[in-house]
Student: 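What follows is a structure written as structure tokens; I'll ask about it next.
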Amino acid sequence: MERDAVREGMRCLVTGATGYIGGRLVPELLAAGHQVRCMARSPERLRDHPWARDAEVVRGDVTDAASVARAMEGVDVAYYLVHALGTGKDFEETDRRAARTFAEQARVAGVRRIVYLGGLTPAGVPEHALSPHLRSRAEVGRIMLDSPVPATVLRAAVIIGSGSASFEMLRYLTERLPVMVTPSWVRTRIQPVAVRDVLRALVGSALMPPDVDRTFDLGGPDVLTYRDMMVRYAQMAGLPRRVILPVPVLTPTLSSHWVGLVTPVPSSIARPLTESLRHEVVCREHDIARYVPDPPGHPIGFDEAVRLALRRVRDARVTTRWSSASVPGAPSDPLPTDPDWAGGSLYSDHRELVVDASPEALWRVVEGIGGENGWYSFPLAWAVRGWLDRLVGGVGLRRGRRDASRLRVGDSLDFWRVEEIEPGRLLRLRAEMRVPGLAWLEMRVLTGPDGRTRYRQRALFHPRGLLGHAYWWGVSPFHSIVFGGMARNIARAAAGAPEPAADHAARP
């Protein structure tokens with residue numbers, strides 16, 4: 001690798017920047033002096049990230065060769081951090097096609113290195129016997145290594161960090177169930193790794209010598225069973241000792257539904273994670289240290305990784321979460337009132353109230369909606385809707401919030417996602433629950449001609465087929481309670497809240 005390129009930093013392409021690892025890798029690469037270009041299907045979702053102004057963002061999809069080719073122009077190192085987990089029965093074929101497209105376009109563009117983060121596979125288990133999730137990860141890694149472009153394929157098992165799907169699953173199972181009947185996979189040996197060590201390896205891989213073209217196992221110093229991890233988590237979190245009773249009768253499907261009911265992780269994501277846990281995943285080497293030396297205190301042990309993650313959760317400093325990535329199959333259609341909307345049936349519910357509070361106080365309530373604060377109306381109805389959504393494979397209400405008081409475009413918010421936010425003025429949410437159509441909830445803070453604060457709320461629904469129309473008319477009798485109550489209670493909460501600081505609505 002040329003000396004000048006190393007001194008000035010590499011030009012790095014990051015795919016999956018809207019996801020958990022990708023969203024954390026970008027600022028790490030920038031801090032290391034590299035130039036970063038992010039490729040995303042929805043670039044606007046990266047707009048509010050603290051590093052957005054320092055990175056280039058382009059629109060693209062890893063299954064579209066033309067957009068990948070454009071994104072690869074002038075790139076030295078290409079990070080592949082996407083996968084089709086949970087997109088349906090054909091996710092392995094989607095992963096295969098996307099990986100081949102990415103590897104081929106990297107070759108054409110003259111990229112110096114591909115870096116891929118995959119899953120740690122068990123020793124001695126043939127690929128066909130692996131879970132579909134691990135099998136697909138292994139195949140993608142092989143595709144990258146078969147490319148003429150030198151590749152670094154990093155393989156990690158359970159990643160421990162604030163907001164990771166594995167950590168959230170561990171956290172909620174342990175905190176919510178003092179006594180639990182668990183699947184037999186709680187006895188499986190695992191070598192977890194701290195997210196900080198994963199990021200360190202990813203950043204360091206950019207500067208590997210050209211002759212390095214291989215896989216590297218990533219793991220911390222501890223080899224534990226899942227039961228051990230739950231016991232030690234309880235100790236680190238200051239919880240009473242948990243009683244864990246493994247049973248052999250829970251199938252992967254039942255296990256995923258069990259995890260989906262207890263934790264915020266939906267069964268569509270929990271199933272591949274739990275299927276993978278039936279395999280023992282322990283590192284067979286630590287050769288990454290030859291090229292990315294371990295600094296003092298690294299790799300980080302399990303207890304310290306949990307302590308760091310819990311501190312970030314308690315301090316509300318979770319930068320990305322497992323739910324940062326879009327729900328597979330979530331709609332991306334334009335808002336029905338946008339100029340480019342194609343028409344069709346559209347139902348709406350409008351509410352507007354005068355609020356006896358300052359616009360800043362009202363905005364604080366609006367931006368704090370959801371999660372632990374709830375939805376300001378008929379909690380039972382919201383809870384039932386969340387449970388029904390989870391029963392049909394949706395995300396339900398348990399995703400909560402990334403930050404207790406601040407939102408940004410792309411954040412998941414229970415079974416919504418933030419589609420647009422104008423601080424102090426507008427919050428627009430797009431529904432990601434299972435409904436026969438497209439749904440939005442929009443909240444505005446206005447100042448009327450009389451100088452008084454006004455709250456304007458509207459719910460929009462674009463039905464698909466007869467079932468969509470039936471759905472709207474079936475729930476419309478409850479709108480006055482749900483949406484009307486929401487508007488009134490938000491207004492009351494703003495009127496009763498202490499006045500925020502003058503710059504509260506400003507972004508840091």
Side-chain angles (χ1 to χ4, degrees), residues 261 264 331 335-337 345-357 359 361-392 394-401 404 407 412-421 426-446 448 452-497:
L261 288 173
L335 187 73
T337 49
S345 300
L346 178 65
Y347 296 113
S348 63
D349 181 277
H350 292 256
R351 311 278 167 173
E352 185 166 339
L353 296 172
V354 174
V355 181
D356 188 19
L362 177 56
W363 176 252
R364 184 169 61 173
V365 175
V366 168
E367 192 176 13
I369 201 167
E372 295 297 323
N373 292 329
W375 292 88
Y376 291 94
S377 70
F378 204 175
L380 179 60
W382 285 94
V384 169
R385 184 64 184 87
W387 279 105
L388 290 175
D389 192 55
R390 293 181 77 84
L391 286 174
V392 296
V395 295
L397 281 174
R398 289 187 177 173
R399 290 191 303 184
R401 300 171 55 104
L407 293 173
S412 60
L413 181 58
D414 292 330
F415 49 39
W416 305 90
R417 190 170 296 276
V418 179
E419 182 176 81
E420 182 57 82
I421 185 167
L426 167 69
L427 175 61
R428 182 187 302 143
L429 307 176
R430 178 190 290 271
E432 289 187 339
M433 76 283 278
R434 299 292 180 91
V435 288
L438 305 172
W440 291 263
L441 178 61
E442 191 175 83
M443 291 164 274
R444 290 182 181 270
V445 176
L446 307 168
R452 300 190 67 184
T453 303
R454 304 189 72 87
Y455 172 67
R456 182 179 297 167
Q457 173 186 294
R458 64 173 182 161
L460 299 168
F461 183 68
H462 178 213
R464 283 181 174 161
L466 183 60
L467 183 60
H469 291 275
Y471 172 82
W472 176 265
W473 289 111
V475 299
S476 59
F478 302 99
H479 285 175
S480 61
I481 300 174
V482 175
F483 293 130
M486 177 189 292
R488 291 189 298 271
N489 290 330
I490 285 175
R492 290 193 189 107

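If you're wondering where the values come from, they're calculated on a predicted model, not measured in any experiment.
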Student: Would Leu388 and Arg434 count as a side-chain contact (heavy atoms from CB on, under 4.5 Å) if you check the C-alpha gap in whole Å, the side-chain angles of each, and the deciding distance to 0.1 Å?
Tutor: CA-CA 9 Å; Leu388 290 175; Arg434 299 292 180 91; over 6 Å; no

Student: Closest approach of Trp382 and Ser377, non-hydrogen atoms and distance?
Tutor: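 Closest approach of Trp382 to Ser377: CD1-O, 2.8 Å.
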
Student: Indicate the atoms forming the closest heavy-atom contact of Tyr347 with Pro463, along with that distance.
Tutor: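 Residues Tyr347 and Pro463, closest heavy atoms: CE1-CG, 3.8 Å.
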
Student: Parallel, tilted or perpendicular, judged at 30° and 60°: which one describes the rings of Trp472 and His479?
Tutor: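 Judged by the thresholds at 30° and 60°, the geometry between Trp472 and His479 is perpendicular.
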
Student: Going from CZ on Phe483 to OG on Ser348, what distance comes out if it is rounded to the nearest 0.5 angstrom?
Tutor: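 So the CZ of Phe483 and the OG of Ser348 are separated by 10.5 Å.
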
Student: Assess whether a salt bridge exists between Glu420 and Arg428, defined as any Lys/Arg side-chain N lying under 4.0 Å from an Asp/Glu carboxylate O.
Tutor: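 Salt bridge: no.
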
Student: To the nearest 0.5 Å, tell me how far Arg444 CZ sits from Arg456 CZ.
Tutor: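 If I round to the nearest 0.5 Å, the distance is 7.0 Å.
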
Student: Given Glu442, which partner from the list Leu427, Leu460, Leu429, Leu426 fulfils the side-chain contact (heavy atoms from CB on, under 4.5 Å) test?
Tutor: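 Running side-chain contact (heavy atoms from CB on, under 4.5 Å) over Leu427, Leu460, Leu429, Leu426 with Glu442 returns exactly one hit, Leu426.
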
Student: If you take all heavy atoms of Ala404 and Asn373, which pair is closest and at what distance?
Tutor: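 For Ala404 versus Asn373, the nearest heavy atoms are O-ND2, 4.2 Å.
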
Student: Is Arg399 reaching over with its side chain to a backbone N or O of Asp414, donor-acceptor style, under 3.5 angstrom?
Tutor: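 Such a contact is found between Arg399 side chain and Asp414 backbone.
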
Student: Can you see which heavy atom on Ile421 is nearest to which on Leu407, and at what distance?
Tutor: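 Of all heavy-atom pairs spanning Ile421 and Leu407, the closest is CD1-O, 3.8 Å.
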
Student: Any heavy-atom pair between the side chains of Val435 and Arg464 that's under 4.5 Å?
Tutor: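 The answer is no; the side chains never approach within 4.5 Å.
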
Student: Distance-only, no hydrogens or angles: does the Arg401 side chain make a donor-acceptor pair with backbone N or O of Ile369 under 3.5 Å?
Tutor: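 Yes.
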
Student: Under a 3.5 Å distance rule, please check whether Asp349 uses its side chain to pair with a backbone N or O of Arg458 as donor and acceptor.
Tutor: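 Side chain of Asp349 to backbone of Arg458: no pair is present.
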
Student: Look up atom CZ in Phe378 and atom CZ in Arg385, then write down how far apart they are to the nearest 0.5 Å.
Tutor: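 Going from CZ on Phe378 over to CZ on Arg385, the span is 14.0 Å.
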
Student: Less than 4.5 Å apart, any side-chain heavy atom of Trp375 and any of Val482?
Tutor: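 No, their side chains stay 4.5 Å or more apart.
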
Student: With ring pair (Phe, Tyr, Trp, His ring centres under 6.0 Å) as the test, would you mind laying out the steps for Tyr471 and Phe461 before giving the verdict?
Tutor: CA-CA 10 Å; Tyr471 172 82; Phe461 183 68; 5.5 Å; yes

Student: Hey, could you give me the CZ/OH distance between Arg488 and Tyr376, rounded to the nearest 0.5 Å?
Tutor: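 Interatomic distance, Arg488 CZ to Tyr376 OH, rounded to 0.5 Å: 15.5 Å.
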
